[in-house]
Colleague: 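Okay, here's the structure, questions in a sec.
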Amino acid sequence: MKTPESGDVGLTPPPNFIRSIVSEDVNTGKNGGKVITRFPPEPNGYLHIGHAKSICLNFGLAAEFGGHCNLRFDDTNPSKEEQEYVDSIMEDVRWLGFDWGDRLYYASDYFERLYEFAEALIKKGKAFVCDLTFDQMREYRGTLNTPGKESPYRNRPVEENLDLFRRMRSGEFPDGSKTLRAKIDMSSGNINMRDPVMYRIKHEEHQRSGSKWCIYPMYDYAHGQSDSLEGVTHSICTMEYEDHRPLYDWYLDELGAYHPRQCEFARLNLSNTVLSKRRLLRLVNEGHVAGWSDPRMPTLAGMRRRGYTPEAIRNLCERIGVGKKESLVDMGMLEFCVREDLNKRAPRVMGVLRPLKVVIDNYPEGKGEYLDAINNPEDPGAGKRKVPFSRELYIEQEDFMEAPPKQFFRLAPGREVRLRYAYFIRCESVVKGPDSGEIAEIHCTYDPATRGGDSPDGRKVKATLHWVSAERSIPAVVRLYDSLFVNANPNDVGEGEDFISYLNPNSLEILTSCRVEPSLSEAIPGGHYQFERIGYFTADAVDSKPGKPVFNRIVTLKDEWVKIQKAEKK
RNA sequence: UGGGGCGUAGACAAGCGGUAAGUCAGCAGAUUUUGGAUCUGCCAUUCCCAGGUUCGAAUCCUGGCGCCCCCA
């Protein structure tokens, strides 16, 4: 999968057992050497990074073996699905960089075919109409350790089943009064095989088929047959469906239909966040986040808003591999992927998050000048820009210390540092606030001979600071995001505990008095920038406006100094 | 007292009978007008445990143990 922004994704995909299976099937000429996969989301939630793993796998395999991947909405449940989700899913898959072409399908389009299959099974004596209520059915099902009992309706004659099923379809019976069940084995150790329900009655409007149907197929029944109808060769799903495979196979075998091969892989877990639909829904509904696309959410919509790139996400998916083992991928891996991507292409800019005023006493009052700054040292083609310098500047509060520890080599009284692309400055004095004793501003002198940042006499400084002109910078709002949860695995909660209690109270900090270089007045919404020495940011796609930029922090830069500080605390 | 799956470093993950790849993290150094980036070196005598087979086992066999999923 190539994109204009990054052409190196997926060129040499690492080996994994699913690729081996597909590759072998291709080599042995199975399915005529064709590979057709599918991504089958249920349109009842937003896609998250766990889905991205599946999307990358399915579309990636199809691309690698010259096949294709279908996008199929598994919209068999009329009560839970909404157009909002359908739209967001399509947007997210496209954003990730994949294209299903004209292969957009809906399971609901197969309702008629699915119905015919069901009648075929009835005629074959492999399915029956059951009058057990929901509760009775649960009773009859048995438990993990005890076999179930056969339904008293199990041996209805074929003709009666056919008649009843047709009347179910025509709307003669109320919701829940009857189901169509497969006749398999009530004593199976695999509970999925204990005469599973194929159809239930639901007098509900379906968003696509309207009121045409009042019976709807169950997932297990609809899914495999949909795969079959589409000629899918490899039906790739997550491990929890491994138990369902015997049923998947059973339907197809009894029907004598084209039989795709189901393969299961372990779903993705990411540290410090949650990826279950139920939990994400709770975060949204209980207002812990500002909706599905809150930049802290692991949804693709949220990650996009946060500023993560599709390249980074695809790279992550490749790096983590595909296996059957349950795992918890460290968020650090994702962060590495974004840094790696953005380092190559994000233009560098200067912005001061927590400003501290610096006055250059020996710089002429009223004077101003423009200095050359390199847009991206990693990309010579990115060119240069002019940054305004003046007598009064802002630097980062944390770049100055009155009484620095030994390892701090930024600005301090009497010490000289470099202002990036500008001059060497030396701190001469500190002015404190009237009451609090807080540092109000610092006074420095500059060395005119160091213009641009080089010293003709070869003297060295230990630090280079970013800065902005007090007068010629513009205000900006910056939102600092951190992980949503404080513990690595919020799913792993003790008895009676709620994952909500592990929410990170500091997952969002909004800074409103930031100053950024004037070029950022035109920051492109959704564009990516590296604030030198701080991190990668995106101009918020919704809130950022010309002249009034709003930035989201995607990820910090690696920072040796915070590491040192942490080490010293210990 | 059923069925299915999984156990290789702090986190991922190759390996498929010939003597433990790679990535992230970590550590050390070089370099650096971002304490960024880059570069170099280090980081599992051992693969859940115990037996067995073999000249040789992470890989094969037997028996344990642990974790996950399925009745919701």
Side-chain angles (χ1 to χ4, degrees), chain A residues 12 14-17 20 134 137-148 185 187-194 196 238-247 264-272 315-337 339-340 342-344 346 348-350 371-374 376-379 396 398-399 407-410 417-424 450-455 460-467 488-489 491-492 530-536 555-565 567:
Chain A
T12 50
N16 68 58
F17 77 101
S20 308
F134 184 81
M137 193 134 30
R138 191 171 51 200
E139 240 177 78
Y140 275 72
R141 188 162 37 217
T143 69
L144 292 182
N145 306 316
T146 61
D185 178 8
S187 63
S188 172
N190 183 344
I191 288 166
N192 296 303
M193 301 299 271
R194 318 241 260 230
T238 47
M239 291 300 290
E240 59 270 31
Y241 291 102
E242 197 152 28
D243 284 2
H244 298 237
R245 190 173 56 210
L247 181 54
E264 308 85 10
F265 70 97
R267 70 188 325 152
L268 169 67
N269 292 296
L270 237 203
S271 75
N272 301 89
N315 263 142
L316 176 79
C317 291
E318 191 156 288
R319 238 176 265 258
I320 57 176
V322 179
K324 303 183 81 153
K325 178 175 63 173
E326 180 186 65
S327 63
L328 181 65
V329 173
D330 197 308
M331 185 66 89
M333 191 84 91
L334 207 212
E335 295 183 338
F336 172 84
C337 291
R339 291 191 187 105
E340 177 186 55
L342 260 18
N343 177 49
K344 290 179 298 192
R348 269 90 236 236
V349 294
M350 291 197 285
L371 298 163
D372 283 329
I374 293 166
N376 186 348
E378 304 295 321
D379 176 9
E396 209 69 63
E398 63 171 29
D399 282 341
Q407 306 213 62
F408 182 90
F409 41 79
R410 275 109 97 144
V417 299
R418 170 170 39 234
L419 293 181
R420 175 139 241 226
Y421 300 126
Y423 296 96
F424 282 15
T450 57
R451 189 173 197 273
D454 281 312
S455 59
K460 304 278 190 215
V461 287
K462 290 193 78 176
T464 298
L465 309 186
H466 61 279
W467 53 275
N489 187 1
N491 299 311
D492 188 19
Q530 185 200 95
F531 283 21
E532 294 217 33
R533 304 209 304 132
I534 303 176
Y536 292 101
V555 66
T556 61
L557 244 31
K558 279 215 261 176
D559 192 335
E560 201 66 29
W561 174 234
V562 305
K563 219 186 263 177
I564 291 166
Q565 290 175 102

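Please read all numbers here as calculations on a predicted model, not as lab measurements. A, B, ... follow the sequence lines: proteins, then strands. Residue 1 opens every chain.
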Colleague: Among all residues two or more places apart in sequence or in another chain, which pass the side-chain hydrogen bond (donor to acceptor under 3.5 Å, both in side chains) test with Asn16(A)?
Modeller: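 Partners of Asn16(A) under the side-chain hydrogen bond (donor to acceptor under 3.5 Å, both in side chains) test: none.
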
Colleague: Does atom CZ (Arg267(A)) have a neighbourhood of more than 12 heavy atoms from anything else shown, all under 6.0 Å?
Modeller: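 Atom CZ in Arg267(A) is not crowded, with 12 or fewer foreign heavy atoms closer than 6.0 Å.
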
Colleague: Does the base of G35(B) carry an N or O that pairs as donor and acceptor with the side chain of Arg410(A) under 3.5 Å?
Modeller: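 Donor-acceptor pair under 3.5 Å: yes.
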
Colleague: Determine the interatomic distance between P on A21(B) and the same-named atom on C43(B); round to the nearest Å.
Modeller: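 The answer is 11 Å between these two P atoms.
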
Colleague: Mind checking the C1' distance from U19(B) to U23(B)? Whole angstroms is fine.
Modeller: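 Their C1' atoms lie roughly 24 Å apart.
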
Colleague: Reckon Lys558(A) has a side-chain N or O less than 4.0 Å from the OP1 or OP2 of A37(B)?
Modeller: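 Indeed, a polar side-chain atom of Lys558(A) lies that close.
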
Colleague: Sub-3.5 Å donor-acceptor pair from the side chain of Arg533(A) to the main-chain atoms of Phe531(A), do we have one?
Modeller: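 Between the backbone of Phe531(A) and the side chain of Arg533(A) there is no qualifying donor-acceptor contact (under 3.5 Å).
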
Colleague: I'd like the P distance from C39(B) over to U32(B), given in whole Å.
Modeller: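 Going atom to atom, P in each nucleotide, I get 16 Å.
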
Colleague: Choosing from A11(B), C69(B), U34(B), which nucleotide comes nearest the side chain of Thr464(A)?
Modeller: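 Ranking A11(B), C69(B), U34(B) by closest atom to the Thr464(A) side chain puts U34(B) first.
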
Colleague: Quick one: on RNA chain B, does Arg138(A) or Tyr536(A) contact a more 5' nucleotide (nearest heavy atom)?
Modeller: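 Looking at RNA chain B, the more 5' nearest nucleotide goes with Tyr536(A).
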
Colleague: Just to be sure I understand the rule, does Gln407(A) reach a base, reach only the sugar-phosphate, or reach nothing, if contact means heavy atoms closer than 4.0 Å?
Modeller: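 Gln407(A): base contact, heavy atoms under 4.0 Å.
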
Colleague: Who does G36(B) pair with, Watson-Crick or G-U, both distances under 3.5 Å?
Modeller: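 Base partner found: none.
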
Colleague: Please report the distance separating the P of A20(B) from the corresponding atom of G36(B), rounded so that it comes out in whole Å.
Modeller: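 Going atom to atom, P in each nucleotide, I get 35 Å.
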
Colleague: Name the pairing partner of C6(B), where a pair is Watson-Crick or G-U wobble with both distances under 3.5 Å, or state none.
Modeller: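 The answer is G66(B), by the H-bond criterion.
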
Colleague: In whole Å, what separates the P atom of C24(B) from that of C67(B)?
Modeller: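 About 32 Å, rounded to a whole number of Å.
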
Colleague: Tell me which nucleotide, if any, is Watson-Crick or G-U wobble paired with U1(B) when both distances must be under 3.5 Å.
Modeller: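 When the pairing criteria are applied, nothing turns out to pair with U1(B), so the answer is none.
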
Colleague: Should His466(A) and Asp399(A) be marked as a side-chain contact (heavy atoms from CB on, under 4.5 Å) after you check the CA-CA gap, both sets of side-chain angles, and the distance that decides it?
Modeller: CA-CA 9 Å; His466(A) 61 279; Asp399(A) 282 341; 3.8 Å; yes

Colleague: Rounded to whole Å, how long is the line connecting atom CG of Asn16(A) with atom P of U23(B)?
Modeller: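 Asn16(A) atom CG is separated from U23(B) atom P by 19 Å.
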
Colleague: Is a side-chain donor or acceptor of Arg418(A) paired with a backbone partner of Gly453(A) at a separation under 3.5 angstrom?
Modeller: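 The answer is yes, because a donor-acceptor pair under 3.5 Å joins these two groups.
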
Colleague: Let me know the distance between CD of Glu335(A) and P of G26(B), rounded to the nearest Å.
Modeller: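 Interatomic distance, CD of Glu335(A) to P of G26(B): 11 Å.
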
Colleague: Please tell me which of the listed nucleotides, U34(B), A37(B), C69(B), lies nearest to the side chain of Glu240(A)?
Modeller: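 Closest nucleotide among those given: C69(B).
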
Colleague: At under 4.0 Å between heavy atoms, how does the protein contact nucleotides 1-8 of chain B? Give one character per nucleotide, 5' to 3', with B, S or -.
Modeller: SBBSSSSS

Colleague: Could you check which nucleotide pairs with U46(B) in any of the strands shown, counting Watson-Crick or G-U wobble with both distances under 3.5 Å?
Modeller: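 Pairing partner: none.
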
Colleague: Among G35(B), C12(B), G26(B), which is the nearest nucleotide to the side chain of Lys563(A)?
Modeller: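 Out of G35(B), C12(B), G26(B), the nucleotide with an atom closest to Lys563(A)'s side chain is G26(B).
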
Colleague: Would you confirm whether Thr143(A), through its side chain, and Asn145(A), through its main-chain N or O, come within 3.5 Å as a donor-acceptor pair?
Modeller: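 Yes: the side chain of Thr143(A) pairs with the backbone of Asn145(A).
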
Colleague: Map Gly142(A) and Arg319(A) onto RNA chain B by nearest heavy atom, then report which one ends up closer to the 5' terminus.
Modeller: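 Whichever sits nearer the 5' end wins; that is Arg319(A).
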
Colleague: Contact class for Gln530(A) (heavy atom, under 4.0 Å): base, sugar-phosphate, or nothing?
Modeller: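 If one applies the 4.0 Å heavy-atom cut-off, Gln530(A) turns out to touch a base.
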
Colleague: Mind checking who U31(B) pairs with, Watson-Crick or G-U wobble, both distances under 3.5 Å?
Modeller: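 Partner of U31(B): none found under 3.5 Å.
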
Colleague: Measuring only the C1' atom in each nucleotide, how far is U8(B) from G29(B)? A whole number of Å is fine.
Modeller: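 To the nearest whole Å, 30 Å.
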
Colleague: What nucleic acid atoms does Arg348(A) come within less than 4.0 Å of, heavy atoms only: base, sugar-phosphate, or nothing?
Modeller: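 Base contact.
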
Colleague: By the 4.0 Å heavy-atom rule, please label Leu557(A) as base, sugar-phosphate, or nothing.
Modeller: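 Base: the residue Leu557(A), judged by heavy atoms under 4.0 Å, touches a nucleobase.
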
Colleague: Quantified in whole Å, what is the C1' atom distance between nucleotide G51(B) and nucleotide G18(B)?
Modeller: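 G51(B) and G18(B) have their C1' atoms separated by 23 Å.
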
Colleague: Counting side-chain heavy atoms from CB outward, which of A14(B), G36(B), C12(B) is closest to Pro377(A)?
Modeller: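 Nearest nucleotide to the side chain: G36(B).
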
Colleague: Report yes or no: does Asn190(A) contribute a side-chain atom to a donor-acceptor pair with the main-chain N or O of Asp243(A) at less than 3.5 Å?
Modeller: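 Side chain of Asn190(A) to backbone of Asp243(A): a pair is present.
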
Colleague: For Met333(A) and G22(B), give me the distance from atom CE to atom P, rounded to whole Å.
Modeller: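 After rounding, the gap between these two atoms is 15 Å.
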
Colleague: What is the minimum heavy-atom distance between Gln530(A) and Ala346(A), and which atoms define it?
Modeller: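 Scanning both residues, the minimum pair turns out to be N-CB, 3.9 Å.
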
Colleague: Write down the distance between CG (Asn269(A)) and P (C67(B)), rounded to a whole number of angstrom.
Modeller: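 After rounding, the reported distance stands at 17 Å.
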
Colleague: When the distance from CD of Glu340(A) to C1' of U23(B) is rounded to whole Å, what number comes out?
Modeller: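 Distance check: Glu340(A) CD to U23(B) C1' gives 10 Å.
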
Colleague: Quick one: closest heavy-atom pair of Glu264(A) and Phe17(A), and the distance?
Modeller: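 Scanning both residues, the minimum pair turns out to be O-CZ, 3.1 Å.
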
Colleague: Roughly how far apart, to the nearest Å, are A30(B) and G35(B) at atom C1'?
Modeller: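 To the nearest whole Å, 15 Å.
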
Colleague: Write down the partner of U19(B) under the Watson-Crick or G-U wobble criteria, each distance required to be under 3.5 Å.
Modeller: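 None - no nucleotide pairs with U19(B), as no candidate has both distances under 3.5 Å.
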
Colleague: Tell me what Tyr421(A) touches on the nucleic acid: a base, only sugar-phosphate, or nothing, going by heavy atoms under 4.0 Å.
Modeller: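 Result for Tyr421(A) = base.
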
Colleague: For Asp185(A) and Ser187(A), does a side-chain donor sit closer than 3.5 Å to a side-chain acceptor?
Modeller: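 The answer is yes; a qualifying pair exists.
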
Colleague: Measure CG/Asn272(A) against P/A11(B) and give the value in whole Å, please.
Modeller: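 Distance check: Asn272(A) CG to A11(B) P gives 14 Å.
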
Colleague: Is Val322(A) touching bases, backbone alone, or none of the nucleic acid, heavy atoms closer than 4.0 Å?
Modeller: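 Sugar-phosphate, backbone atoms only, no base.
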
Colleague: For a quick check of understanding: with a heavy-atom distance under 4.0 Å over all strands, which category does Ile534(A) fall into, base, sugar-phosphate or nothing?
Modeller: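 The residue Ile534(A) makes no contact with any strand.
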
Colleague: Between Thr450(A) and Phe424(A), is there a donor-acceptor pair closer than 3.5 Å when you use the side chain of the first and the backbone of the second?
Modeller: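 Present.
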
Colleague: Looking at the side chain of Asp330(A), which of G26(B), A11(B), G36(B) is the nearest nucleotide?
Modeller: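 Closest nucleotide among those given: A11(B).
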
Colleague: Nearest whole angstrom, please: distance from the P of A37(B) to the CD1 of Ile374(A).
Modeller: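 One finds 18 Å between P of A37(B) and CD1 of Ile374(A), rounded.
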
Colleague: Contact class for Phe408(A) (heavy atom, under 4.0 Å): base, sugar-phosphate, or nothing?
Modeller: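 Base contact.
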
Colleague: For the pair made of CG in Asp492(A) and P in C67(B), what is the distance, rounded to whole Å?
Modeller: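 After rounding, the gap between these two atoms is 12 Å.
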
